[in-house]
Amino acid sequence: MVVSTNGDPMVKAEEVHKSFGRLEVLKGVSLEVRPGEVICIIGPSGSGKSTFLRCINHLEKIDAGRLWVDGNLVGYRQVGDKLYEQRASEVTKDRAEIGMVFQRFNLFGHMTALENVIEAPIRVRKLQKRVAVAQAKVLLERVGLADKLDAYPSQLSGGQQQRVAIARALAMQPKLMLFDEPTSALDPELVGEVLEVMKALAFDFQTTMIVVTHEMGFAREAADRVLMMDDGRIIEEGTPDHFFQAPREERTKQFLAAIL
Amino acid sequence: MSASATPETAPPATRPKDIKAIPVRHPGRWVVAAVVLFLLISIGNSMAANSRFQWGIVKDFFFSSRILHGLVVTLELTAVAMAIGIVLGVVLAVMRLSANPLVSGASWFYIWIFRGTPVLVQILFWYNIAAIYPHFALGLPFNGPQFAHINATAAITPFVAGVLALGLNEAAYYAEIVRAGIISVDEGQTEAAQSLGMTPLLTMRRIVLPQAMRVIVPPTGNETISMLKTSSLVSVIAVTELTYAAQQIYAVNYRTIQLLIVISIWYLIVTTVLTIGQYYVERYYGRGATRNLPDTPLQRIRRGLRIRHEWS
């Protein structure tokens, strides 16, 4: 994986606010993520976890505060003290550097597993088809799907689809991977296979990852830091051990008691 | 189950025989089938025995050069009008979904006009367009410089008027079909494409439209078949397509019914061919949507024959 070279944090958020209509979903989120770090974000539904992730990937525009990915401002260009909205082409370019894995997989339904993985490298990175296919085969083998290259998403189980989705994101060689509740839509017995792939990414490839998840087992094993979000704010932050042994906030204790 | 479990009630060595039960009888179905068969034979007999049908004349005119020429014109009208309708319809649909209110408003206005007036009126309108615009000129308005100039009276032949009217009218309907198809594709597909760094245009072309096709193709077949028959309306502006060709012949020989039968059979033949084509196009765009593609009718027949063969 590409590791940031300029010493900047991979992600830096300063007082990020975001509203949908009159509902304020993010009420000032600040965070720094170092290259190679694995962050897990936990919290009840509606706490703004997914929205924050989507802001990092330009899928939502922030209303106030600042957000940088690898030293670049997200969504805007700063010239002097003026902010200019980014052009669609600039946003597109930035997005290509960030991989995202969705709760509902979102594999392209009319393409086979292999076609899903090679589509963006060929069309966006302008790789030769031969090169893209070779790379895709390596990635699909790494996620344990070497025998499913020609299967359509509808022919795969949820766990297999999510692993293809991870391979598809990795094929763009992103410097940052975002996971939006990657196992929440899976049958319980399929969760493990997806988490194994994610752990391998964290341990073997030092990928910078931000994972919104309720899988505390994964958080304990793979995360460097865990963040607890509630009502649009980060209310507690610490190592996985801190969360399991001595959570500070009452709200965190309640939440952990409910999901464990 | 292991063999050593209980020898007294040892499980059978082989699986039980397939069930051979006497199927439920449906006497009602036989009665209905008999009634339908009786009616069909009666109607068929009345048509064959009634000498006033004059089937010989139907046969004589079926391949007459004027009818065949009319058929070719009908096919041309249908093909060109559908091509205009589909291309313009896709553009209008994308415009309709645009964030720019003027662009989506223009699309809405077009659809309002062309869907809101009878196609017959539109045909007559284009036929008479030279009365208001004797010349078409491409240039800047208010007497600015001109780049191209067309004499409307010469350029708008009845065929061109017919194709324009049918095509522009079709575009209004087709735009709504395409829009429905685009909306039917899950938003997650667009988000996934965007998060991979694909531009909006690339996302539309490679991800959204191919999946929208599954929704768009069946009504497209429907529209094409509909267009084949609607094209007979241009007979009012003297385009010698299939219907007008028949009218010209029976105006002279008074074999009205026979010629209407001739063209009805031709319309049915073309519709049948289009229906078969539609089936295969749908099958192509259905890939990935179902776990297993259904057999084509040909494959089904072949498999049926193979099973027969194995039995004998």
Side-chain angles (χ1 to χ4, degrees), chain A residues 50 53-54 56-60 87-113 115-126 150-156 161 164-165 168-174 176-180 185, chain B residues 90 94-95 97-101 103-104 177-178 180-218 220 278-295:
Chain A
S50 293
L53 217 55
R54 292 164 62 83
I56 297 175
N57 202 16
H58 306 62
L59 286 173
E60 308 288 353
R87 261 185 262 276
S89 59
E90 294 170 308
V91 173
T92 302
K93 221 171 163 188
D94 286 353
R95 278 204 192 112
E97 306 298 325
I98 305 170
M100 183 141 183
V101 174
F102 299 87
Q103 184 178 355
R104 305 270 350 155
F105 330 134
N106 294 350
L107 288 184
F108 304 136
H110 59 310
M111 295 180 176
T112 62
E115 286 167 346
N116 262 281
V117 179
I118 62 175
E119 177 68 14
I122 291 177
R123 304 274 162 183
V124 179
R125 291 265 190 258
K126 310 288 178 200
D150 297 322
Y152 284 100
S154 59
Q155 296 163 327
L156 297 172
Q161 288 189 55
V164 174
R168 177 176 70 175
L170 291 176
M172 291 298 283
Q173 306 189 321
L176 170 66
M177 283 287 286
L178 308 174
F179 293 83
D180 188 5
Chain B
V90 171
V94 174
M95 281 173 68
L97 295 166
S98 160
N100 184 332
V103 172
S104 68
I177 292 172
V178 174
I182 291 175
I183 293 173
S184 77
V185 178
D186 181 43
E187 217 178 323
Q189 297 285 308
T190 310
E191 286 186 355
Q194 285 179 340
S195 76
L196 288 166
M198 294 173 78
T199 60
L201 199 68
L202 194 61
T203 305
M204 182 57 77
R205 193 165 62 81
R206 293 284 306 169
I207 308 300
V208 177
L209 277 182
Q211 297 188 77
M213 288 305 275
R214 210 163 50 82
V215 174
I216 294 173
V217 167
T220 304
Q278 181 186 352
Y279 176 85
Y280 283 94
V281 176
E282 267 176 44
R283 200 165 176 278
Y284 174 79
Y285 282 108
R287 74 198 192 284
T290 48
R291 277 158 201 251
N292 292 302
L293 282 178
D295 281 349

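Naming convention: chains lettered A, B, ... in sequence-line order (proteins, then strands); numbering from 1 in each chain. In this text the structure is predicted, and so the values were computed from the model without any measurement.
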Which residues pass the side-chain hydrogen bond (donor to acceptor under 3.5 Å, both in side chains) test with B:Gln194, not counting sequence neighbours?
none
Nearest 0.5 Å, please: how far is NZ in A:Lys93 from OG1 in B:Thr199?
13.5 Å
Could you look at B:Leu202 and say if it's the side chain, the backbone, both or neither that has a heavy atom under 4.5 Å from chain A?
side chain
Could you report the tightest heavy-atom contact between B:Ala192 and A:Phe108, atom names first, then the distance?
CB-CE2, 4.0 Å
Does anything in residues 115-122 of chain A get under 4.5 Å of chain B by heavy atoms, and if so which residues?
A:Glu119, A:Ala120
Under the side-chain hydrogen bond (donor to acceptor under 3.5 Å, both in side chains) rule, collect the residues that match up with A:Ser50, sequence neighbours excluded.
A:Asp180
Need one label for A:Arg123: side chain, backbone, both or neither, based on atoms under 4.5 Å from any heavy atom in chain B.
both
Report the distance from atom CD of B:Gln189 to atom CG of A:Asn106, rounding to the nearest 0.5 Å.
6.0 Å
Applying a strict 4.5 Å limit to non-hydrogen atoms, the region of A:Phe102 in contact with chain B is side chain
Please state whether the side chain, the backbone, both or neither of A:Ile98 comes within less than 4.5 Å of a heavy atom of chain B.
backbone
Are more than 12 heavy atoms, taken from residues, nucleotides or ligands other than A:Arg104, located less than 6.0 Å from that residue's CZ atom?
no
Could you note down all residue pairs passing salt bridge (Lys or Arg N to Asp or Glu O under 4.0 Å) where residues 187-204 of chain B supplies at least one of them, sequence neighbours left out?
A:Arg54-B:Glu191
With a 4.5 angstrom heavy-atom cut-off, is it the side chain or the backbone of A:Ala169 that approaches chain B, or both, or neither?
backbone
When rounded to the nearest 0.5 Å, the distance separating NE2 of A:His110 from CD1 of B:Ile207 is 4.5 Å
A:Leu107, part contacting chain B, at a heavy-atom distance under 4.5 Å
backbone
So OG of B:Ser195 and CE of A:Met172: to nearest 0.5 Å the spacing works out to 9.0 Å
